[in-house]
There are 2 protein chains.
Amino acid sequence: MTSLDSALHATGRTATGETDPDRRAGIYRNAARIFHRKGYHATSINDIAAAVGLTKAGLYYYIKGKQDLLFAIMSFAMDQLDAQVIEPARREQDPQARLETIVSRHARLITQDSSALTILVNELEGLLPDDRADIIGRQRDYVEFIADTLAALRDEGKVLGLDPTIGAFSLVGMVLWISRWYRADGRLDADEVVAEVTRMAVSAVLTHNEGSPTGKENRE
Amino acid sequence: MTSLDSALHATGRTATGETDPDRRAGIYRNAARIFHRKGYHATSINDIAAAVGLTKAGLYYYIKGKQDLLFAIMSFAMDQLDAQVIEPARREQDPQARLETIVSRHARLITQDSSALTILVNELEGLLPDDRADIIGRQRDYVEFIADTLAALRDEGKVLGLDPTIGAFSLVGMVLWISRWYRADGRLDADEVVAEVTRMAVSAVLTHNEGSPTGKENRE
DNA sequence: GCCAGTCTACCGACCGCCCGGTAGGTTGGC
DNA sequence: GCCAACCTACCGGGCGGTCGGTAGACTGGC
């Protein structure tokens, strides 16, 4: 049950009592889609209301405000990243396997639905300071998690002389950029893109004058 | 076109000679800075006017409108990319040297001043359709140039099984992302970042069971 | 040496529009 | 009858952009 509605607990409830969770999920999903396409500031509350078949006032029955909507979407995306990328990766003991898990799972998420994940990185400026601090903190944790993984690879001798921070940022940039060029109806299919990007990411950081002795080398 | 900006190149000459080119350059520079920091839509004409010590009406003596301002900045960034990255790379005959030139020069530009180059990729939806088509076309040419370079490397046998398009996009993403995390006053200095990112980019695409036979290996 | 005319470089005031958000209903299913 | 689920109507404000004006520097004619 992956719905944007799960992010609702972050902003609390609206007016009174129980509201239809499906309806609310649809609102968040549509808002994410439109924010993604036009950008947060260029999107009006009316745009979102129209997309879900409501008037502006009707929409406000479900949401607290535009900025809360944005924060809820970004929190949801961050939750997605935690659950689908970070946690699975954390369960991998081997650093290289962990790195591959991070990149391939993150890339996979983006090919599936990039809206919320892209908003997460592009619309930080639209948040209130406290909310922004929250999201930026979680993003920083993610990058540090990757940097730690690269540091572990370095300690294993599989990486030579690479600054883990630069490495982590670079890999993140590579993966996030997918949302800019990947189209589900394009020439390349998602599996291929995920595999290729993962391969590039691993190649980019590994020391490359030996074969990989990991036993985790089942590609190519 | 008229506003395609003799103003931004302004170290001296103006095509028409009607207005002070220094003043105009300052306006574009400030606008780029603020667009970069707050985003195009979140920036008001008043913000820019205030930053250059003018009223809104005074500012309109120099500019045609907000969207023209954006287009001029993005055209300038694209010109910069052409002159500082693409042209120098085109003069390199060896594909690997060419790739290294592209990545390192692009990365270098971003560490020097990322405003215009970042706006170039983040604010496309703020443009009028014709302007957007213009910029997107030039950006596509850039990516194709990189893809062609990767294809040439593949023909040399230095790259195995990599899709040139995915490779090109991934490298671009890696480089562009620098503007998000690099700070001139941070722990890492520009030389280090440029060198490291270039090294990662090359590693990411090269087949990695041999040393580089290019004779172009003058790092580390 | 002076003044009329001209031009650049601005400003205060204003316009119409649309924005996020709200007050106060109305409706329909239980 | 109640309450979730909407609506119409409206508000203050900020937006991009325009208009009419003007201070002051710079000409050229006499």
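Below, all heavy atoms of this structure are taken into account, side chains as well, without hydrogens, waters or symmetry copies. Protein chains get the first letters and strands the later ones, always in sequence-line order, with residue 1 at the start of each.
- In this structure, B:Tyr62 does not reach the C:dT8 phosphate: none of its side-chain N or O atoms is under 4.0 Å from OP1 or OP2.
- Note on B:Asp82 versus B:Arg90: no salt bridge recorded, every NZ/NE/NH1/NH2 to OD/OE distance being 4.0 Å or above.
- In this structure, CG of B:Asp22 is placed 15 Å from C1' of C:dA9, rounded to the nearest angstrom.
- One finds no salt bridge joining A:Arg29 and A:Asp113 here, because no Lys/Arg side-chain nitrogen approaches an Asp/Glu carboxylate oxygen to under 4.0 Å.
- Closest to the side chain of B:Ala57, out of D:dG17, C:dG12, D:dC7, is C:dG12.
- Rounded to whole Å, atom P of C:dT22 lies 11 Å from atom NZ of A:Lys64.
- Between the side chain of B:Lys56 and the base of D:dG16 there is at least one donor-acceptor pair of N/O atoms closer than 3.5 Å.
- Not one side-chain nitrogen or oxygen of A:Tyr61 sits closer than 4.0 Å to the OP1 or OP2 atom of D:dC6.
- Within the 6.0 Å centre-distance limit, the rings of A:Tyr142 and A:His106 are counted as a close aromatic pair.
- Listed pair B:Arg23 / C:dC10 meets the phosphate criterion, a side-chain N or O lying under 4.0 Å from OP1 or OP2.
- Checked options B:Leu171, B:Val202, B:Thr111, B:Ile178; the residue passing with B:Val197 is B:Ile178 (criterion: side-chain contact (heavy atoms from CB on, under 4.5 Å)).
- Proximity of residues 40-48 of chain B to DNA chain D (heavy atom under 4.0 angstrom from any strand atom) is restricted to B:Thr43, B:Ser44, B:Ile45.
- The side chain of B:Leu54 has C:dC10 as its nearest neighbour among C:dC10, D:dC7, C:dG21.
- In this entry the distance linking CG of B:Leu59 with C1' of D:dC15 reads 14 Å, nearest Å.
- Comparing atom distances between the B:Tyr60 side chain and each of D:dG16, D:dT8, C:dC11 picks out D:dG16 as nearest.
- As rounded to whole Å, 13 Å separates atom C1' of C:dC19 from atom CD of A:Gln67.
- Cation-pi check for B:Lys66 over B:Tyr40 is met; the charged atom lies under 6.0 angstrom from the ring centroid and within 45 degrees of its normal.
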Inset, instruction - Test salt bridge (Lys or Arg N to Asp or Glu O under 4.0 Å) on A:Asp148 and A:Arg154 and set out the steps. - result: CA-CA 10 Å; A:Asp148 289 346; A:Arg154 191 189 49 195; over 6 Å; no
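- Partners of B:Arg187 by side chain to side chain contact (heavy atoms under 4.5 Å, CB included), not counting sequence neighbours, listed by chain and number: A:Asp163, A:Thr165.
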